[in-house]
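The structure under discussion appears below in the form of structure tokens.
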Amino acid sequence: MRKALVLLILTVLLHGAAPAQRHHHERSETPAAAPCFDPGDRNDIRLWEGTAPGATGSDPCRDIPFLRMFPAAGGQSAASPAIIVMPGGGYDRLSDAKEQTPVGEYFSHQLHAVTFVLYYRLVQTDGTYRYPVPMWDGQRGLKLVRYRARQWGVDPNRVMIFGFSAGGHLASTLALHSASDFDLPVHDAVDSTNARPDLLGLGYPVISMDPEQYAAKSSHDHLLYGYRGKELDHLQRYLSGQDNVTPHTPPVFLFESMDDARISPLNSVLFAEALHAGNVPVEAKFFQHGLHGAGLATGIPEESAWPELFQQWLEGQHFLR
């Protein structure tokens with residue numbers, strides 16, 4: 001199986017994929033407004049009712065992690081599936097608006113899923129909110145959706161996470177280490193909820209934190225700011241998805257363009273290989289061409305096929321009913 005996957009990737013690379021440097025001018029990054037919590041918006045939901053663990057202030061644009069909810073379209077009477085979207089940006093910013101509201105609206109309307117965009121805390125220039133703070137926020141978001149499932153019309157047995165770029169690293173880390181609480185210092189009733197997502201979706205993800213295995217320097221340096229020596233070595237292994245697949249890893253959908261100019265696509269290749277080797281179901285879609293940060297990839301040849309392929313996969317997983 002692994003040999004077949006490697007041959008597939010080589011075939012894609014050898015048949016027309018343009019060298020990454022040819023696409024540096026194709027900047028897909030669309031500046032996003034600061035993801036600020038709005039207490040007057042009933043669709044903005046704080047992850048913690050009070051101060052979040054580790055918070056250094058109360059700035060709604062920096063210190064308050066939250067979910068922004070997009071209710072499922074169609075007014076279904078039965079409980080709906082839920083998808084928690086984790087946008088990317090290198091852990092120090094959320095750089096692309098295309099991975100946020102457009103995806104939330106698409107999943108809620110096209111898939112009839114209650115969709116949440118997670119606004120996790122971002123690493124500051126002094127290292128504030130470095131690892132494990134983003135993991136605390138991501139896991140809390142997942143647990144909160146299950147804990148309040150009845151209130152929000154969610155089926156607690158159909159909750160998945162979908163991450164883009166660095167958000168893909170966050171999502172995959174949560175899926176791979178769902179038995180851990182990442183040393184969260186305080187707990188309440190929400191924290192007793194199951195932290196394992198039922199499915200994992202990834203778009204052009206950061207996977208590796210190992211500098212010798214295609215780690216994205218920006219994500220690595222922000223998330224692991226200030227760690228040194230044996231502690232850094234341990235975290236680089238612990239947070240490299242390709243090294244942490246287990247039989248408990250949920251089924252995965254992944255898409256990637258092999259000419260990704262900003263994050264090495266070999267992150268996705270390594271992860272797909274590890275999932276195959278671990279007998280974890282994976283649907284990996286490798287396109288010759290695409291743009292990093294494109295979100296739904298509307299109008300982009302090849303890569304624009306991923307939302308429909310994702311829906312077909314969800315149907316095959318009986319996630320959509």
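Along the sequence shown, residues are numbered consecutively beginning with 1.
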Please check: side-chain N/O of His112 versus main-chain N/O of Ala73, any donor-acceptor pairing under 3.5 Å? yes

Inter-residue atom distance Ser80.OG - Leu111.CG, 0.5 Å rounding: 11.0 Å

Arg228/Asp233 salt bridge by N-O under 4.0 Å criterion: no

If you define the side chain from C-beta out and look only at heavy atoms, does anything of Ile83 sit under 4.5 Å from Ile161? no

Does Trp136 reach the side chain of Leu47, with side-chain heavy atoms less than 4.5 Å apart? no

When rounded to the nearest 0.5 Å, the distance separating CD1 of Ile45 from CG of Leu144 is 7.0 Å

For His169, does its backbone N or O pair with a side-chain atom of Ser172 as donor and acceptor, under 3.5 Å? yes

Name of the residue among Phe253, Phe255, Phe310 meeting side chain to side chain contact (heavy atoms under 4.5 Å, CB included) with Glu283: Phe253

Any side-chain heavy-atom pair from Tyr120 and Leu122 closer than 4.5 angstrom? yes

Please collect all side-chain hydrogen bond (donor to acceptor under 3.5 Å, both in side chains) contacts where either partner lies in residues 155-167, sequence neighbours excluded, each pair once. Asp155-Arg158, Ser165-His292

Taking all heavy atoms of Leu170 and all of Pro134, pick out the closest pair and write down the distance. CD1-O, 3.5 Å

For residues Gly90 and Ala166, report the shortest heavy-atom separation together with the two atoms involved. N-CB, 3.5 Å

Does some side-chain heavy atom of Phe37 sit less than 4.5 Å from a side-chain heavy atom of Pro65? no

Can you find a heavy atom in the side chain of Val245 that is under 4.5 Å from one in the side chain of Val280? yes

Do His177 side-chain atoms and Tyr238 backbone N/O form a donor-acceptor pair below 3.5 Å? yes

Are side-chain N/O atoms of Glu99 and Tyr204 paired as donor and acceptor at under 3.5 Å? yes

With a 4.0 Å cut-off on N to O distance, would you call Asp41 and Arg68 a salt bridge? no

Correct closest heavy-atom pair for Ala189 and Ser192 would be O-OG, 2.7 Å

Measure from the side-chain N and O atoms of Ser178 to the backbone N and O of Leu174, and report whether any donor-acceptor pair falls under 3.5 Å. no

Backbone N or O of Met209 within a donor-acceptor pair of the Ser240 side chain at under 3.5 Å? yes

Please determine if Arg121 and Asp137 form a salt bridge, counting it only when a charged side-chain N lies under 4.0 Å from a carboxylate O. yes

Same cluster or not: Ile64 versus Val186, using hydrophobic residues (I, L, V, M, F, W, Y) connected whenever any side-chain heavy atoms lie under 4.5 Å apart? no

Rounded to the nearest 0.5 angstrom, the OG-CG distance for Ser219 and Leu239 is 11.5 Å

With side chain to side chain contact (heavy atoms under 4.5 Å, CB included) as the test, would you mind laying out the steps for Tyr129 and Thr56 before giving the verdict? CA-CA 9 Å; Tyr129 302 145; Thr56 60; 3.3 Å; yes

Only one of Phe319, Trp313, Phe116, Trp306 passes ring-ring contact (aromatic ring centres under 6.0 Å, His included) with Phe162; say which it is. Trp306

Quick one about Asp210 and His220 (side-chain donor to acceptor, distance below 3.5 Å, no hydrogens or angles considered), yes or no? no

Arg130 to Tyr227, cation-pi by 6.0 Å centre distance and 45° axis angle: yes

Assess whether atom CD of Gln151 is packed by more than 12 heavy atoms of other residues, nucleotides or ligands within 6.0 Å. yes

Say whether Arg62 and Thr128, considering side chains only, have a donor N or O and an acceptor N or O under 3.5 Å apart. no

Side-chain donor/acceptor of Asn244 to backbone N/O of Arg237, under 3.5 Å: yes

Side chain to side chain, Asn267 and Gln213, heavy atoms closer than 4.5 Å: no

Show your working on side chain to side chain contact (heavy atoms under 4.5 Å, CB included) between Ile207 and Leu202 and close with a plain yes or no. CA-CA 10 Å; Ile207 293 295; Leu202 300 171; 4.2 Å; yes

Separation of His289 NE2 from Ile300 CD1 (nearest 0.5 Å): 6.5 Å

Looking at Asp44 and Asp38, would you say the former's side chain and the latter's main chain have a donor-acceptor pair under 3.5 Å? yes

Arg150 side chain to Val154 main-chain N or O, any donor-acceptor pair under 3.5 Å? no

Looking at side-chain heavy atoms only, is the closest gap between Tyr91 and Val206 below 4.5 Å? no

What do the steps show when you test Tyr225 against Gln124 for side chain to side chain donor-acceptor pair (under 3.5 Å), and what is the final call? CA-CA 10 Å; Tyr225 179 99; Gln124 305 300 304; over 6 Å; no

What is the minimum heavy-atom distance between Arg46 and Glu49, and which atoms define it? NE-O, 3.8 Å

Quick check on His187: does its NE2 atom have over 12 non-hydrogen neighbours (other residues, nucleotides or ligands) under 6.0 Å away? yes

Taking all heavy atoms of Ser257 and all of Leu291, pick out the closest pair and write down the distance. OG-N, 4.2 Å

Between Arg146 and Asp198, is the closest basic N to carboxylate O distance under 4.0 Å? yes

dist Asp221:CG -> Ser218:OG (nearest 0.5 Å) comes out at 7.0 Å

Run the side chain to side chain contact (heavy atoms under 4.5 Å, CB included) test on Val114 and Phe107 for me, step by step, so that the C-alpha distance in whole Å, both residues' side-chain angles and the decisive distance to 0.1 Å come before the verdict. CA-CA 8 Å; Val114 182; Phe107 286 172; over 6 Å; no

Result of checking Glu256, Gln242, Glu273, Lys285 against Ser268 for side chain to side chain donor-acceptor pair (under 3.5 Å): Glu256

Taking atom CZ as the centre, does Phe70 end up with more than 12 heavy-atom neighbours from other residues, nucleotides or ligands that are less than 6.0 angstrom away? yes

When the ring planes of Tyr131 and Phe182 are compared, do they come out parallel, tilted or perpendicular, using 30° and 60° as the limits? perpendicular

Out of curiosity, Met160 CE to Leu314 CG, how far, rounded to the nearest 0.5 Å? 6.0 Å

Find out whether Gln110 and Pro307 are in side-chain contact, i.e. whether some heavy atom of one side chain is under 4.5 Å from a heavy atom of the other. no

Non-hydrogen atoms of Lys143 and Asp191 that approach each other most closely: NZ-O, 2.9 Å

